[in-house]
Structures are given as C-alpha cells and as structure tokens.
Amino acid sequence: MDLSTRYNPSETEERWYAHWESRGYFRSVPDDREPFTIVIPPPNVTGVLHMGHMLNNTIQDILIRKARLDGKNACWVPGTDHASIATEAKVVQWLRKEKKLRKSDISREQFMEYAYQWKDKYGGIILKQLRKLGASCDWDRTAFTMDKGYYDDVIRTFVDLYRKGKLYRGLRMVNWDPEAKTVLSNEEVLHNEEQSHLFYIKYLLEGSDNEGITIATQRPETIFADVAVAVNPKDDRYRNMVGKMVRIPLIDRPIPVIADDYVDVEFGTGALKITPAHDQNDYEVGQRHNLEVLDTIADDGRINDVCTYKPIVGLDRFEARKQMQPALEASGNLVKIEEYTTSIGRSERTNAVVEPKLSLQWFVDMTSLGAPALKAVLDEQVKFYPPSFQNLYRNWMENLRDWCISRQLWWGQRIPAWYLKSEGPSKETFVFVASNADEALEIARKDTGNPNLGIDDLRQDEDVLDTWASSWLWPISVFDGFNKPDGEFKYYYPTNVLVTGWDIIFFWVARMIMASFEFKGQKPFKDVYFTGMVRDKQRRKMSKSLGNSPDALKLLEDFGADGVRYGLMSSAAAGGDILFDDKLCENGRNFCNKLWNALRLIKGWQQSETAESEEIARKNALAARWLREKFNQVLTEVEEDFRTFRLSEGLLTLYGFIWDDFCSWYLEMIKPGYEQPIDRATYAATLDLYSDIVVALHPFMPFITEELWHQLRDRSEGDDCIVQRYPKAGTSDQSLIGKVEAAKDIIARIRDLRNQNQIKPRDPLVLQVQDGSSAQALFAQEGLREMVVKLAVLSELSLVDTEPANAKSFISGTDKFYVVLNKEIDVAAECAKIKEELDYQRGFVRSIEGKLSNERFVNNAPPEIVENERKKLADGLERIQMLEESRKSLGCS
RNA sequence: CGGGCCAUAGCUCAGUUGGUUAGAGCGCCACGUUGACAUCGUGGAGGUCACAGGUUCGAAUCCCGUUGGUCCGACCA
C-alpha cells in the first residue's frame, strides 16, 4: 500500500484538468442530444479571481457537470467584458506609469492601440485562474465583448433601436463623474448617508443693506450659479418679497425672488436658491420660470470662469466650499452653519462624488422595452431562484427611467452617429446614425439634399457606449445570434440557467431579458440563480480596502479546489449571503481526506473467494443491500435538490451519506478482522457502490472524484468520471432501511452505555433482548443479528423472557434490552435515570392523548395522521410499561 | 417617506403544500490511538422557534400588530 495517509490535491488537480482538456470533454458542438447551456457572467477583462467569482463559477460548474453526467450536451461559454470605465482607468494609469504618457497627449487611435496591448498582456488572467477552480468551460468559445463580431452586433443594435425610435439624443440632467470625466447611468451611482453642513446664507434685497432672504444650502460654492431665490406661493413670510430682486453675496448680482410650489415651507428657511446647472430640481424649476442656466463647474470638478467670484475659480469644488465660509463670514452674509446628514451619490467605479450636470447624451427609451421583460418574469417564463427576487425586479421594472448609454471614454464601442463638421459641437441639427461612415454619408447626402458631401465633411460622435449596452447582448452574441440566427444560436438558445449575483439584477439581468425580447422575441434563459454576496465573519462585504478578502489562489493552494468548492457551497443557499470562513474550506479538505482514506481502507483488503462464515456472508449481504437502498433514497433527494437549485442542500445530503452511512456505518459493517480477507462478492459490491457515489459527488468536487474513480478500478482509456452517467435514483425499501436504523440505534445505545460505565470499546458484552413479537420480527431480518454483534462488540445476543440480574437496561423502539454487567450496579443512579426517561415518556404520551381525546382532531385530521398518533401512543405506553417493570425489579422507590 | 427580505442551539444556517414535545455543521464537554483517517472515532450537553394577538383539531410554518436587523427605491435647500 503506497497511498499516502493524506489526500494531496495539488498534483492531482493539475493532472486531471489537463487530461479533461486534452480529451476535449469541455468542448460542445451541436448534435442530437438535448443542450444544456450556460453563459458565464463575463468578468471584467481586468479582473482577478475573488471570492464572488469562485462562488459564482463553482455553481455554474456544478450545474454544467451535472448536465454532462445526465447525458446532455453541456455547453458553458466563458469570456470577459471590456468594462469600459474600469479598464480605461487602468490603461490610463498604466500609460502614465510605464510610458510616461497622459491620455491628452495621444490620439484616440494611439490610445486604443495601447489599450489592446495592455489587454493582451494583462487581460483575461481571471480565465486562467478559473481553470484552477475546475471550471469546465468550453474554452474554444471564449468571447470578449470587444471582439470584432461582438462589436458589430452592438453597433447593429444601436442602429436598430435608433431606427425604431427607441433611442434618442437629448439634453438632460445627468450624473457626472468628475474623476472619470464621463456621464454615468442612474444605476452606476451609489447613494449613502454622509455627514455634511447646511449653510444659512442671507441674500440682501436690492437697495437694502439689512433686509433680505436667508436660504439654506449644502453647496455654498454654487451660489454664483444662482439665477433666482424661490419661495412657496402660500408662504406668508415671503409673500411681499416675490417679484423683488435680491443680490447674490460677494458678487452682488441681482436675481429675482420667484414663487414655486416645489418649495417646502417646512424645510430650512422656506427659501431656496435656484441653481439650474447643478441640481435636477432646480433645473426643473428654472425651466418653469424660463430662467437661464449658468454652469460654474468644469468637467473635472473645478470652478470655471463662468463664476464671477474670482477667488475660487480654478479650485476644486470641495476646496472652493472651504473657502466660502470665511468669505461669507467676512461679508456678513453667513447666518449660521448646521450639522447635516444627507445622502450623497458617488460613482460606483471611482467613488467620486457625482455632480448633477446638464448634458447632451444618448438615451434608450425604456417604455416599450420594459413590458415584455417584466411579464416574462412575472409569468415565470424566466424563473428566479430564490423567487423573492421577483419583487425587487418588479419594483424596478415598474419604475423604469430612460437609460443613459453614452460615455465620454475611448475604450468601448464608439457611438455610430455622425454630424456635420460645419455645425458646432453643441448644436447639431443633423444626426446620421448608421453602421459605418459610408452608410452615414449616404444618409447625410439624402437628409441634407447635398450630393456633394464627402466623408471629410462628417464627424463621428466621440463617445462610446456604456459597457452594459454591450453585455446585454452577451447570450445572443456569443452564439452569433445576429448574423446566423439559424446556426448554433438556434440549438443553444435560450440558454438554460444564468448564475449571477443579485447586485447586478438591474445592470445586467433585466437588460439581457429586455434585449432578448427586443431583438429576438424570446427569453434569454429559463432560470436565474441569484447568488448572495460573499461576506466575512463580521458580515462585512469583502473589499480590497478592508483587506478582508482572502487571496483566492492561496485558498485553492491551501485547501485544494475541491475543498474550497465544498467550503463555498456548504453555506451558500441561493440568494443568501455567505459568511465566509476558512474553517469551511478546512471542512472540505477534511472531507477529501475522508474520501481518500475510505479508498485506502478498501484497497488494503485482501480478497477471498467466499466469506469466512455464513454469518459474515449474511451480514455483508445485508450491509450492501442496505447501503444501496439508502443511496437510492439519497439520490432521490439530491435530484430534487438539483431540480430546485438547492445545491448546498444536495451537497450536504451527499456529505452526510458518505461520511456517516458509507464510512462510519457501512465500511465498519463489512470491515474484515485484522489481516483477514473480504469475500469477493462484497468487495465488488463495495467498489461498485463507491464508484457510483463518486460519480454522484463529481459535480461538486470534480478532482478528487476523478482520482478516486481511477484508483478504484483500472479504467480503460476514456472511461473517466467526468463523462459517466449520473447514477439513477431508484425506489428505496423503507422497511429494510428502518430495520437497519433500528440496529444502529441499538448499537449507539450500547456505545453510550460503555461510555457511561467506563467499559472499553473492545470488551465484549452480553446483550439480551426481551422476547416479543417486535424483537422477533426485527431479528428475523437475515444478517441483522450479526451486524449488531459486530458493531456493538458483543459476545452473545439472545432473546430472554425474564430480566437478568446485574443488568442495565435500555429501550430501543419498543424493545427492551439488557446488558449484563459483571459488577454491582448503582441502583439509585439507575432508578434516577429510569425516572427521567419515564417523565419524558409520560409527557410524550400526555400530549398525544390530548390530541386523540379531542374529537375534532380525530374527525378532521387526515386518517393517516390519526393512525400515526395512535401508533405513537401505543409505543409510548409500551415503553412506560417497560420502564415501570424495570423500576419494580430494581426495587426503586 | 414607500417597499422587500429576515429574526430557530454559543455561531452559521436547514426545516419544501400546517401534522414525530424542532434538525445539521462548527464550537463546547467527556472518553478514546497497534489495524483507513487525530484533517479521526464514540458519546453527551445545548432551543418558550424575537414579542403580543388571531385562524385551526393542530402553528417554527398561515394572518395581523409590535420590536430589532438588513437591503432597495423616492426625497433630501
């Protein structure tokens, strides 16, 4: 025996992954089998493997491997997302550090060249890391959202939406990220409560140096962009002010006092400064009153020279704010400053405070896109797991706002819209949307009526599309569904299940459903499995800044991929957050070791033609039959767990079966004596059982199961675990299982008795059973007596009529057992123990009697429930009687 | 302000259409090592199922309320 006492995953995992790949097991091409398709949620091309990816991809791999074992054509498409804003930031950083270049120093073309260089060098690391996890993706299908074909699909859908009138360009108040210098969609802005100050500032009435209106604001640096002060028309305090002019502090520019219902009389002073360029609501008020828009903040967040208060021009908005306090104090306009808690929006990517900004951007009109996507989920054509996410989804879908899809970046699909060079950048009367410049020119000539226009007269939109405006096509594009709708797309689409974190339900899931109905008239997937967030033990989200995220690769090294997969899955009910703890991976590693040592045990046995004795043969036959029945029962549960995506339940069910039933019970039942052989039939049955078990566990723990599969028997070339058929769940003989359960209970009680009485595990004991019909029936089961004798380590097991002296008794089921001890027993202690048991049984019986004496229960409850209660009562009464007898014979008081 | 989800053992969670005086893993305690595994074995302790009502023959499970937690959205001068 040269198998190590510990399972060593590192070598095994690398070897089997290479083997699987070389045999092409991950490859999928359409054939006549039923397809089972998953598209990976494409990680950012810049990404490195973290806990969330490991959880997410383990789940996908489990589903794919199960489908493969079920004989389906399993196809898992991997790939990456170009992640425009995140990647562009990285490339800019890299250029500055490595090439000493600023983005503004180079052309768009040069930048893109560098970006692709960067992507080829550093991008897609994560896909290599996924292999270490065991992910059985079809790598030949690896896709990227900026691949040529994919790029074209994005452009094509843009043009399509534009032509259908579902895409427009408009001047709107948008979320501006001054750090990335781009606009963001509403979903990319995260709101959080933050500590701030409320400045009370007095605007003096024109012609007066003490009368005026005090307003409250958080942003004193924006007062120079004010165009009015607004009050509520019903507010008596200010009624006489409306229509008069007040002066902006420090610059004395006069602005009108206006009345608008929007103003809340209760809040602050009831007077509000109107700054249309820097606040959504102010903008709307301004529109109603035909006020001008003064924008004093530049794209980088600094105060620009529209601001006529010169000391703050050129300063960052926050720096400018700091300067305002002393300045306003000096001028006497500052009334007071209050502490104030308010919700601040920050960019999801850069964490910069988002600036509301009036800007010309492209928007998708969501009115017609939302309806079918909402319906599909409510009708469960697309089914969510757990279903509670339906509510979240509905809530959002019923309040859809138009989607801003232009971004002021270079890395991404450039917006296919052209303008006339002769027109300025801010007032294009002509917009030509087309798949390419030539087509755009054609349209331009027609629209302008000028056949002499040349390509040089046109200028393409500088912006690119939101990354989600490409990833929403992912399930369609990876199968080339736009160009070849009758090709592979037809076979693989709609995909079976999408596995993703619930945090991108709006960013991605909802939009994929919308895109699929809009462009393909059908759903993109049948089921959506939402994973929770991976958190640390203190429930904090794992993040780089907290440093609480374990190094994924180190975990894989420390515990093996199977151990980590176990650790992630064992606490990962769908949708629920998982509180990650190394301990869980340790459990997984220990489980691998358990499996490994079961193998070592079995492989160490010598075989003999027949069993040593009839008794052993009967015992072993019963054991093997029982385990098979139990396995059938377990498989039925596991199949149900897979069907309902209760993967962690399924894994734990198998874990319990393997550790307890297979290792602790079955192997102990059949284990031959020291240096004795096992009969060939039992040995073969055991290898068969273990092989089946290993296949059943394979989706969860692919590496060790493949290794065990090959260690158990010599397998021919291509006879690998990964391509077996999943063992079929058959019916299970509950009566037989029940009998062995009874035997296990007897054995456990004897072990307890040994523990309580300091009797060594291997000292043989004499066990007697009170003769009776149920005892006779139990021991009539062939092999059962031998099983109890072996595992309880008995020298004798017999049925008796009378209670022996010097014996301790226990009740198992409805049978009374005596363990004969060769020593005086402590009568008082024994009596106390029986008394305790008696109290419990009496309480038990009382509660059942309560039910059964209730006529309404007997009349209304289903007959089988009533029958079961009667049986429980009879058993309870029988046990009480036996306990009473024991008390009598012991002479308890 | 509106909405969702949650509250079960020391911890993390199961408990599927209401039906065994509630289960698992970890942790804890006791005992145990020539014979697969100490990354182990055997056994044990540990819960008024957040609180208060209601429906029902019967509630951890269904309904209402309260409290606490958490998330989402709106508003936010």
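Below, read A as the first sequence line, B as the second, and so on, with proteins coming before strands; counting in each chain starts at 1. Side-chain atoms are counted along with the backbone in the values below, which use heavy atoms only and exclude waters and symmetry mates. All values derive from a computational prediction rather than experimental measurement.
- When heavy atoms are screened at a 4.0 angstrom cut-off, I215(A) is found touching no nucleic acid atom at all.
- At a threshold of 4.0 angstrom between heavy atoms, the contacts of V858(A) with the nucleic acid are absent.
- The side chain of T5(A) lies closest to rA38(B), out of rU12(B), rC76(B), rA38(B).
- Residues satisfying the side chain to side chain donor-acceptor pair (under 3.5 Å) test with E640(A), not counting sequence neighbours, are R643(A).
- By the 4.0 Å N-to-carboxylate-O rule, K744(A) lies close enough to D661(A) to be salt-bridged with it.
- Residues K671(A) and E668(A) are paired through a salt bridge, judged by an N-O separation under 4.0 Å between the basic side chain and the carboxylate.
- Ring geometry for F384(A) against Y393(A) counts as perpendicular: the plane angle is over 60°, on a 0 to 90° scale with 30° as the lower cut.
- With rounding to whole Å, Y393(A) atom OH is found 16 Å from rC72(B) atom C1'.
- Ring pair H197(A)/F199(A) is perpendicular by interplanar angle, where above 60° counts as perpendicular and below 30° as parallel.
- Between the P atom of rG19(B) and the CG atom of N859(A) lies a distance of 21 Å, rounded to the nearest Å.
- Contacts of D279(A) with the nucleic acid, taken as non-hydrogen atoms under 4.0 Å apart, involve only primed sugar atoms and P, OP1 or OP2.
- The side chain of R6(A) contributes an N or O atom lying less than 4.0 Å from OP1 or OP2 of rU39(B).
- Taking atom CG on L190(A) and atom C1' on rG73(B), their separation rounds to 13 Å, with Å as the unit.
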Check your understanding: What's the verdict on ring pair (Phe, Tyr, Trp, His ring centres under 6.0 Å) for F810(A) and F817(A), showing C-alpha distance, side-chain angles and the deciding distance?
Key -> CA-CA 5 Å; F810(A) 63 83; F817(A) 292 81; 5.1 Å; yes
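- OP1 or OP2 of rC57(B) lies within a sub-4.0 Å distance of a side-chain N or O belonging to N860(A).
- Side-chain nitrogen and oxygen atoms of N281(A) include at least one within less than 4.0 Å of the OP1 or OP2 phosphate oxygen of rC76(B).
- Among the heavy atoms of the strands, none lies under 4.0 Å from C592(A).
- N593(A) comes within 4.0 angstrom of a base, heavy atoms only.
- In the set rG19(B), rA36(B), rU39(B), rU39(B) carries the atom at the smallest distance from any side-chain atom of R589(A).
- Residue L198(A) is in sugar-phosphate contact alone, with no base atom involved, counting any heavy-atom pair closer than 4.0 Å across all strands shown.
- Y340(A) comes within 4.0 angstrom of the backbone, heavy atoms only, and of no base.
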Exercise for review: Map every base of RNA chain B to its dot-bracket character, where paired means a Watson-Crick or G-U wobble contact with both distances under 3.5 Å and | marks a partner outside the strand.
Suggested key: (((((((..((((.....[...)))).(((((.......))))).....((.((..]....)).)))))))))....
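- A tilted orientation is assigned to the rings of F389(A) and F530(A), their planes being inclined by 30° to 60°.
- At most 12 heavy atoms of other shown residues, nucleotides or ligands fall within 6.0 angstrom of atom CD in E855(A).
- By the side chain to side chain donor-acceptor pair (under 3.5 Å) test, R842(A) is found to be paired with E884(A), residues two or more places apart in sequence or in another chain being considered.
- Considering only the side chain of N587(A), rG25(B) comes nearest among rG25(B), rC37(B), rU16(B).
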What side-chain donor-acceptor pairs closer than 3.5 Å can you find for residues 579-595 of chain A, not counting sequence neighbours?
| residue | atom | partner | partner atom | Å |
| --- | --- | --- | --- | --- |
| D581(A) | OD1 | K583(A) | N | 3.1 |
| N593(A) | OD1 | Y7(A) | N | 3.0 |

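- We find that CD of E640(A) is positioned 12 Å from P of rU17(B), with the value rounded to whole Å.
- Both K671(A) and P761(A) sit near RNA chain B, but only P761(A) has its closest nucleotide nearer the 5' end.
- For K872(A) and rU21(B), the shortest distance from a side-chain N or O to OP1 or OP2 is below 4.0 Å.
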Taking N or O atoms only and anything under 3.5 Å, show me the protein contacts with nucleotides 41-48 of chain B, one pair per line.
| residue | atom | partner | partner atom | Å |
| --- | --- | --- | --- | --- |
| rG41(B) | OP1 | K594(A) | NZ | 3.2 |
| rG41(B) | OP1 | W659(A) | NE1 | 2.4 |
| rU42(B) | O2 | N755(A) | ND2 | 3.3 |
| rG43(B) | O4' | N755(A) | ND2 | 3.2 |
| rG43(B) | O2' | D752(A) | OD1 | 2.9 |

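- Scanning residues 839-855 of chain A for heavy-atom distances under 4.0 Å to RNA chain B yields Y840(A), G843(A), F844(A), N854(A).
- Backbone-only contact: R401(A) has heavy atoms under 4.0 Å from sugar-phosphate atoms and none from a base.
- M533(A) has its CE atom 18 Å from the C1' atom of rU12(B), to the nearest Å.
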